[in-house]
Amino acid sequence: SRRQRQMCIRDRLSADYEWCLRCLQHSRKNVFIDDCLIDYLSEGLSTANRRASLWERFRIMCRYYGTVPTIMRHVRFAFRFMRTQTNTSN
């Protein structure tokens, strides 16, 4: 649809992330796999534009999940990040 094409153009750094969310949203059966299948923070265009990429991904999450749940999830991300930084410094 036209709206989907506009979103893909607007989200030039995180279009693959948005595409995965769309696929999950429209799939009939989703299965949890306790392993990393895709590392969106590995090398690529988004690495060179890390801040813009993270902001774009945040906006995509707000579109799909809502602003408040996305902020709450990022608070948990921050705590997890701080915990891993503390554990690696010991």
Hey, can you pull the donor-acceptor pairs under 3.5 Å for the side chains in residues 72-79, sequence neighbours left out?
unit_1 : atom_1 : unit_2 : atom_2 : d
H74    : ND1    : T70    : O      : 2.8

Practice item. Please assess T84 against R80 for the test side chain to side chain donor-acceptor pair (under 3.5 Å), listing each intermediate value before the final yes or no. Key: CA-CA 6 Å; T84 59; R80 187 175 64 194; over 6 Å; no
Review point. Can Y17 and M61 be said to form a side-chain contact (heavy atoms from CB on, under 4.5 Å), step by step?
Key: CA-CA 10 Å; Y17 177 73; M61 289 179 74; 3.3 Å; yes
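For the atom pair R59 CZ and E18 CD, the distance stands at 11.5 Å (nearest 0.5 Å). Within the model, atoms OH of Y65 and CD1 of I71 stand 15.5 Å from one another, a figure rounded to the nearest 0.5 Å.
Here F81 sits alone; no ILVMFWY side chain lies under 4.5 Å from its own, so it joins no hydrophobic cluster.
Take D35 and apply the side chain to side chain donor-acceptor pair (under 3.5 Å) test, not counting sequence neighbours, and it matches no residue.
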